[in-house]
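Presented below is the structure to which this report refers.
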Amino acid sequence: MEKTHPILELAKNRGFLWPAYELYGQVAGFYDYGPHGAALKRRIEDAFRRLYLAEGYLEVENPIVAPEEVFIASGHAGHFTDPMAECPKCGTAYRLDHLLKENPEAARAQKCPQCKGSLTETRPFNLMMATHIGPSKRPGYLRPETAQGIYITFKRLYRLGREKLPLGAFQLGTSFRNEISPRQGLLRLREFHMAEAEVFVHPDEKEEHPRFAEVEGVPLRLVDAQDREKTMTSAEAVSTRTLLHQTLAYHMARVQQLLLHLGIPQERLRFRQHRKDELAHYALDCWDAEVQTKAYGWVEVVGIADRGDYDLTRHSKQSGEPAGVFIPYPEPQTRKVRTIRVDKKAIGQQLGSRAAEAIRALSALPPEKLRGPTIQVQAGGQTCTIDPKHITIEEKEQKVTGETITPHVIEPSYGLDRILYSLLELNHREEQVEEEPRAVIGLPPHMAPVQAAVFPLLGNHPGLAARARELHRTLRQAGLRAEYDDSGAIGRRYRRQDEIGTPYCITIDHQSLEDGTATIRERDSMKQERTPTREIPGYIQQRTAPPPF
RNA sequence: GCGCCGAUGGUCUAGUGGUAUGACUUGGGCUUCCCAAGCCCAAAGUCCGGGUUCAAUUCCCGGUCGGCGCACCA
């Protein structure tokens, strides 16, 4: 592992990214994307968007600021208030609530259990960025993930999707975590970019995915929770129960497809299952797509989790709104249904103010408890004895047209900054060409920030320059990102473009003036092809168009 | 947050108690008929605050930022 990869220097010099707020001494955990970085990020986002639009999912954008209730429901707020203290002597950090349970004496004495040093004073551990909303200062937070907005609006999305499962929604956006110590450049930021898809599925329909056939032969490199590595097709992974169900396997295969499409090399990609101790308590299963970087080793870039019904249920409890959706049966069914009728008047006269509670308790009792000679329920803190004659059990035929279920959520969650870093680092290469060094970012042509550059062979030749500018303008008008460069020697200009990954460089030479052709030099082979100038915009467009999913 | 190390033009770097070296890059010009050639000119720097001192980029203290280790990463 290298300390810092040369790509970071190149990225800084060539306008991919800069430490943010340099003018004021930088702020850790924040980065600027320069023009090429912003363009590359945009291409990653576009690819994500194309993939999930092709799945038929709905793109939304929710606010970044949310009131506290959202995070009480999600569970984030609880962690925000975690009290922390450290031992200055040995550097260990403790969560006081944990320490109180495990070692109450040490916690009360403020002593470090490891080295007996004195713990620092307790302070809340801020993971979320806090803020206040409006003049009333309603407590709020900047979201630590984009997903909550989708859970909260699930009912509206479900209606909009014509009340059908599975339902997919996705969102790209900025999230915030108040990291204690941001490190490793783009890998752990305080403000970062995510792309998340939330796929709501019927819990009974996860086993089979309607489009599984499209991915069943896709090989996946899997490292399971016991650290066993095996490469198998997604079909094998499901049949061996390595992966929980087809839906999870399907989405992992799609994630892999997208990452390869972006330019992550296959041999540096794997999926690793969360171990029991790192699996969030609500997740049924979670696999991270990891990319093997040169500078930092294996880095998580996408998490694919089966979150069960946790999110919808939590928001339902917090808000008081039911979470379930009604799923009609193909055919209405008739069922024998037992209903309990309670003589409310009689009970009211018998129990007075405790009657309402007693009646609720009665309706909740299982049928067998309603049979005996006397029936007992708790109400108003006392045991009340009810005469069975006040209770009638009726058996009726009832038509049941469907059932209410709470959908489960399958969530692929992408860290865009990490993907961007991986793309730069892993596609970067340095080589020798005729004794001269050449640095190239070998991004796939459809990912390159700049698609083409136009040069006059001689910078100070007015005829060549005019032609080159004209072609440059035409390329831009065709919607391509194109650069113009007439400075210095031609070789230097090629090198400059190599460093930002421009796949095609077009040179206008003397022959261009005679027959209207120009040379197109391809980045990786450095080979040139002479092409009529009028065909060049189409040539570039065709070769830099992203392949469909 | 803790510990160790560091911070000099855009980048990399030399050096110094008396405001600073070189290279690359960049801009302008000459040259040049396809891969960082050459020549001329120009622009650009001591992280921030305090202290010691006649004088601090240099020494001391604090901070910020960065690298690494520990911790944290719900």
Side-chain angles (χ1 to χ4, degrees), chain A residues 1-4 6 8-15 18-30 34 71 74-82 84-95 97-98 112 114 117 119-121 123 125-128 144-145 177-185 187-190 192 278-283 295-296 300 415 431-440 455-461 464 487-499 505-513 518-523 525-530:
Chain A
M1 288 205 327
E2 302 165 31
K3 275 190 175 178
T4 48
L8 282 179
E9 193 187 318
L10 191 156
K12 203 155 93 171
N13 283 330
R14 288 294 177 209
W18 301 306
Y21 308 110
E22 275 185 302
L23 190 58
Y24 294 105
Q26 304 184 24
V27 181
F30 296 90
F71 303 112
S74 70
H76 291 93
H79 293 280
F80 166 70
T81 52
D82 284 348
M84 291 224 353
E86 304 121 67
C87 171
K89 214 163 133 193
C90 65
T92 316
Y94 296 97
R95 267 176 60 174
D97 53 334
H98 287 182
C112 173
Q114 278 184 23
L119 294 176
T120 58
E121 61 182 292
R123 49 181 162 254
F125 170 59
N126 280 271
L127 184 70
M128 286 191 291
E145 59 177 26
R177 294 183 194 187
N178 220 349
E179 295 282 354
I180 299 173
S181 77
R183 287 282 172 82
Q184 304 181 310
L187 300 192
R188 263 176 71 196
L189 298 170
R190 289 190 167 124
F192 57 101
E278 62 184 322
L279 193 63
H281 61 279
Y282 49 79
Y296 307 111
E300 172 199 348
E431 46 192 47
Q432 292 290 121
V433 175
E434 292 166 19
E435 315 273 307
E436 297 289 350
R438 179 170 101 110
V440 187
F455 314 141
L457 182 57
L458 300 177
N460 57 1
H461 185 297
L464 294 179
S487 79
I490 189 80
R492 176 176 299 277
R493 291 180 251 160
Y494 285 138
R495 291 293 192 277
R496 260 199 283 263
Q497 295 302 324
D498 290 339
E499 286 193 2
C505 292
I506 302 141
T507 301
I508 302 291
D509 57 14
H510 292 87
Q511 190 181 331
S512 309
L513 301 181
T519 61
I520 302 177
R521 175 262 201 187
E522 197 273 328
R523 180 193 65 204
S525 64
M526 301 201 296
K527 292 226 171 75
Q528 294 180 28
E529 196 178 328
R530 187 165 283 279

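Chain letters run A, B, ... following the sequence lines, proteins first and then strands; every chain starts at 1.
- Across every strand in view, B:C73 sits unpaired, with no contact that passes the Watson-Crick or G-U test at under 3.5 angstrom.
- Across the strands present, B:G66 finds its partner in B:C5; the criterion is a Watson-Crick or G-U wobble pair with both atom distances under 3.5 angstrom.
- No contact: A:G15 has no heavy atom under 4.0 Å from any strand.
- The partner of B:C33 cannot be assigned: no Watson-Crick or G-U wobble pair with both contacts below 3.5 Å exists in any strand.
- A:E499 comes within 4.0 angstrom of a nucleotide base, judged by non-hydrogen atoms across all strands.
- In this model, no side-chain donor or acceptor of A:R190 finds a partner on the base of B:C73 within 3.5 Å.
- Each of A:G29 and A:R188 was matched to the nucleotide of RNA chain B holding its nearest heavy atom; the match closer to the 5' end belongs to A:G29.
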Short N/O separations, protein against nucleotides 4-7 of chain B, under 3.5 angstrom:
none

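- Nucleotides B:C48 and B:A42, compared at atom C1', are 31 Å apart to the nearest Å.
- Contact detail for A:P19 and A:E22: the closest heavy-atom pair is O-CG, 3.2 Å.
- Residues passing the side-chain contact (heavy atoms from CB on, under 4.5 Å) test with A:R438 are A:R429, A:E431, A:V433, A:V440, A:R495, A:D498, A:R521, A:M526, sequence neighbours excluded.
- Of all nucleotides present, only B:U26 satisfies the Watson-Crick or G-U wobble test against B:A42, with each distance under 3.5 Å.
- Scanning all heavy atoms of the two residues, the minimum distance from A:G488 to A:R493 falls at O-NH2, 3.0 Å.
- Residue A:P437 is classed as a base contact, given a heavy-atom separation below 4.0 Å to a base.
- Listed by chain and number, the residues in a salt bridge (Lys or Arg N to Asp or Glu O under 4.0 Å) with A:R530 are A:D509 (sequence neighbours excluded).
- Looking at heavy atoms from C-beta onward, A:R496 lies in side-chain contact with A:S487 at the 4.5 angstrom threshold.
- In this structure, B:U58 makes no Watson-Crick or G-U wobble pair, since no nucleotide meets both defining distances under 3.5 angstrom.
- Nucleotide B:U16 forms a pair with no other nucleotide shown, judged by Watson-Crick or G-U wobble geometry with both contacts under 3.5 Å.
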Inset, instruction - Any chance you could list the contact pattern along nucleotides 22-35 of chain B? Use B for base contacts, S for sugar-phosphate-only contacts and - for none, protein heavy atoms under 4.0 Å, 5' to 3'. - result: ---SS----SBBBB
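- Atom name P, nucleotides B:G10 and B:C47: the rounded distance is 12 Å, in whole Å.
- Ion pair A:R188/A:E179 flagged as a salt bridge, since at least one NZ, NE, NH1 or NH2 atom sits closer than 4.0 Å to an Asp/Glu carboxylate oxygen.
- Annotation: ring pair (Phe, Tyr, Trp, His ring centres under 6.0 Å) contacts of A:Y282 (sequence neighbours excluded): A:Y310.
- The salt bridge (Lys or Arg N to Asp or Glu O under 4.0 Å) test applied to A:E499 returns A:R14, not counting sequence neighbours.
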